[in-house]
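What follows is a short report on a single structure.
Only a predicted model underlies this, so the values are computations on that prediction, with no experimental measurement involved.
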Amino acid sequence: MESWFKELAGGSKPLGQLSRKVPSFNKKEEIFYNLCEFNVPMMKAAWFIKMTAAYYLNMQENKPKKRQVVDQSLGECLALQSLA
């Protein structure tokens, strides 16, 4: 990860090549800490933040949705009420 940030900060690798293995973090603070630690220029830092946001958005969209449990007794109650 250290070498990746060094390349982002001033290396010769293009962003397209760096985008193949973008590191991910559990806390936002870690992202900003690393960007400051390696003196990443603002434009590249903005690119990295966008890549991170896209990654987390993709993870949320692909997360299995919670299934709503249908209460069977509700339908039965409504049917009984209509008969009364």
Side-chain angles (χ1 to χ4, degrees):
M1 182 175 73
E2 186 175 322
S3 63
W4 191 91
F5 273 100
K6 285 181 182 178
E7 283 294 328
L8 180 64
S12 59
K13 286 187 182 177
L15 294 177
Q17 193 173 1
L18 288 173
S19 68
R20 293 183 186 147
K21 292 193 178 191
V22 177
S24 61
F25 296 94
N26 293 330
K27 296 181 181 180
K28 292 177 194 174
E29 294 82 14
E30 292 175 353
I31 294 169
F32 294 110
Y33 173 81
N34 281 294
L35 290 171
C36 290
E37 179 78 19
F38 292 98
N39 295 319
V40 176
M42 286 296 232
M43 292 300 287
K44 288 186 175 185
W47 172 84
F48 175 69
I49 292 168
K50 287 178 185 180
M51 292 293 287
T52 302
Y55 169 77
Y56 286 115
L57 180 63
N58 187 32
M59 293 300 289
Q60 278 186 332
E61 289 176 351
N62 291 332
K63 192 183 279 188
K65 307 279 190 267
K66 289 184 179 177
R67 298 179 84 191
Q68 288 186 331
V69 178
V70 178
D71 189 0
Q72 297 295 328
S73 62
L74 178 63
E76 293 170 1
C77 288
L78 291 174
L80 289 175
Q81 283 181 342
S82 68
L83 295 176

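Once rounded to the nearest 0.5 Å, the distance linking NZ of K50 with OG of S19 reads 14.0 Å. From E37, atom CD reaches atom CD of E2 across 8.5 Å, with rounding to the nearest 0.5 Å. Note that CD1 of I31 and CE of M51 are 12.5 Å apart. Values are rounded to the nearest 0.5 Å.
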**OP:** Starting from the C-alpha separation in whole Å, work towards a yes-or-no answer on side-chain contact (heavy atoms from CB on, under 4.5 Å) for K6 and F38.
**Re:** CA-CA 6 Å; K6 285 181 182 178; F38 292 98; 4.0 Å; yes
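Judged by distance alone, the side chains of Y33 and E29 never bring a donor and an acceptor atom under 3.5 Å apart.
The backbone N or O of E30 sits less than 3.5 Å from a side-chain atom of N34, completing a donor-acceptor pair. Judged by distance alone, the side chain of K44 and the main-chain N or O of L8 form a donor-acceptor pair under 3.5 Å.
Smallest separation of non-hydrogen atoms from E7 and S12: OE1-N, 3.4 Å. The two residues N39 and A9 come nearest to each other via the heavy atoms O-CB, 4.1 Å.
By the criterion of side-chain heavy atoms lying less than 4.5 angstrom apart, applied directly or through intervening Ile, Leu, Val, Met, Phe, Trp or Tyr residues, I49 is grouped together with M1 in one hydrophobic cluster.
Taking the six-membered ring for Trp and thresholds of 30 and 60 degrees, F48 and W4 have ring planes inclined between 30 and 60 degrees apart.
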